[in-house]
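Each remark here refers to the structure printed beneath this line.
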Amino acid sequence: MSDVVAVNVAQYYQTLEQHNVVPLWKLAESQQTEPKPDEVPHVWHFAELLPLLQQSVDVVTLGEGAERRVLTFKNPGRRFVGATHSLVASLQFLMPGEIAPAHRHSYSALRFMISGSGAYTVVEGEKIPMEVGDLVLTPNWLWHDHGHEGKQEPMVWLDGLDFPFVASLRPIFYQEIDTSQPVTKPENISLTRYGTGTVLAPKHRPISAYSPLNVYKWQPAYEALQRLRGTEQDEYDGTIIEYVNPVTGGHVLATIAAYLQLLAPGLHTKAHRHSSSSVYFVARGSGYSVINGQCHDWQQNDVFVVPTWTWHEHVAGTEEAVLFSYSDLPMLEPFGFWREEAYTENQGWQQTK
Ligand SMILES: [Fe+2]
Ligand SMILES: [Fe+2]
């Protein structure tokens, strides 16, 4: 006669819980064969958000309860803020005469100028005037503050951060002072040193995890697209260029890659999906993207997201469209986690409008 006592199954699972262990065979994750993002495709329409940014001036005074006037996007599929699971996207609004005091943090940020004139950012002692279409970097742990010396219009820009990624790893560090930082370097010194892309003095070749160039101007990036449009066509992205670290040729930030792409009038790209997620900003033109089989219309200054492993293709309207985008590709690449898949029957995703 066996002396094995029959196990009470319900009691067994209860006992496991008491010991803080979980039966792996009951977890849905153990059955997962490909990414299943909670995040969903979404478009934030600038025309709807601009009045809310304007009204925020009556709600919040800088220096009294807020240091930056920012509306940050929450993907409808997420419980927490974030445009995707790894990337934050926000709109920031700065009135003439206002300043945002200096701070630094272990998460990195980039900003893309949307409208207005007269504002600047100071990054680690370098004052950088910001013009519409410029990309400005504030990498991990560099002091940055900004101000608006213009007289007329407010300045509006898109902020992109890797905050959810850094928070998932836990090393969130933050410091602030209650004033602007001193300007200790010549204006636009990083642009002077690194901005030509062809020549570099030997002593100015720092190897760091982020680009030493703190600003990428709109005009040369747009002109590069115009030069390349006749010869360089990516089947998924039209004519696309990446903003790169001028010393290493690598991504602009250790965690975020940034791109500018031109879709010729009427261009309809092929569909693909990849394990990186992206935030898109419509710098010029209008059109739509088909994301997981749904049409998402976008106009100039709108922001939309393509979550991880989500089919997408882009369609320009009757004018050319220019999209700025940033991606979490650098978070995946070093570990071999980046994958891409082409949609072979593209026509299936072309909805009738
Ligand atoms: Fe910041
Ligand atoms: Fe893509």
Side-chain angles (χ1 to χ4, degrees), residues 35 37 41 62 66-70 72 84 87-92 94 99-112 119-124 128 130 136-147 157-163 166-167 172-178 180-181 210 214 233-242 253 255-261 263 267-281 289-292 296 304-315 323-329 332-333 338-343 346 349:
L62 292 198
E67 290 186 345
R68 281 151 170 79
R69 196 176 292 110
V70 175
T72 192
T84 76
L87 298 168
V88 157
S90 310
L91 290 176
Q92 187 154 175
L94 192 68
I99 63 153
H103 70 193
R104 62 178 177 175
H105 33 71
S106 53
Y107 35 97
S108 293
L110 54 77
R111 59 196 51 160
F112 193 86
Y120 64 88
T121 283
V122 180
V123 181
E124 208 70 12
I128 300 166
M130 303 190 293
V136 176
L137 305 181
T138 57
N140 167 11
W141 211 235
L142 298 195
W143 286 104
H144 55 282
D145 55 84
H146 36 256
W157 64 81
L158 174 74
D159 280 322
L161 293 90
D162 58 9
F163 183 87
V166 181
I172 296 293
F173 296 98
Y174 178 91
Q175 285 181 342
E176 63 183 3
I177 54 176
D178 56 10
S180 304
Q181 64 181 301
Y210 50 81
N214 290 325
Q233 282 289 324
D234 181 272
E235 55 188 344
Y236 306 113
D237 284 305
T239 304
I240 185 165
I241 54 176
E242 180 175 1
L253 294 167
T255 46
I256 305 178
Y259 306 89
L260 196 68
Q261 69 191 89
L263 306 174
L267 180 76
H268 191 149
T269 70
K270 289 186 173 178
H272 72 162
R273 62 181 177 179
H274 34 71
S275 54
S276 51
S277 63
S278 304
V279 177
Y280 289 86
F281 170 75
S289 296
V290 186
I291 312 175
N292 261 358
H296 295 269
F304 64 96
V305 287
V306 175
T308 300
W309 210 238
T310 302
W311 296 113
H312 56 284
E313 63 199 63
H314 307 298
V315 186
L323 305 177
F324 166 77
S325 65
Y326 58 98
S327 148
D328 56 10
L329 170 68
L332 304 166
E333 231 171 18
W338 193 77
R339 291 193 193 194
E340 180 189 27
E341 191 172 76
Y343 189 78
N346 186 45
W349 296 104

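All ligand and atom numbering here is 1-based and tracks the order in the structure. For the numbers below, each heavy atom of this structure counts, side chains included, while hydrogens, waters and symmetry mates do not.
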Please tell me if the side chains of His103 and Gln175 come closer than 4.5 Å, counting only heavy atoms from C-beta onward.
-> no

Which class fits the ring pair Phe112 and Phe324: parallel under 30°, tilted 30 to 60°, perpendicular over 60°?
-> parallel

Parallel, tilted or perpendicular for His105 and His144, by the 30°/60° rule?
-> perpendicular

Trp143 versus Asp145, side-chain donor and acceptor atoms under 3.5 Å | no

With the Fe ion (ligand 1) at the apex, how many degrees lie between NE2 of His105 and NE2 of His103, rounded to 10 degrees?
-> 100°

The atom name of the N, O or S atom in His144 nearest to the Fe ion (ligand 1) is NE2

Mind reading off the angle at the Fe ion (ligand 2) between the NE2 atom of His274 and the NE2 atom of His272, rounded to 10°?
-> 100°

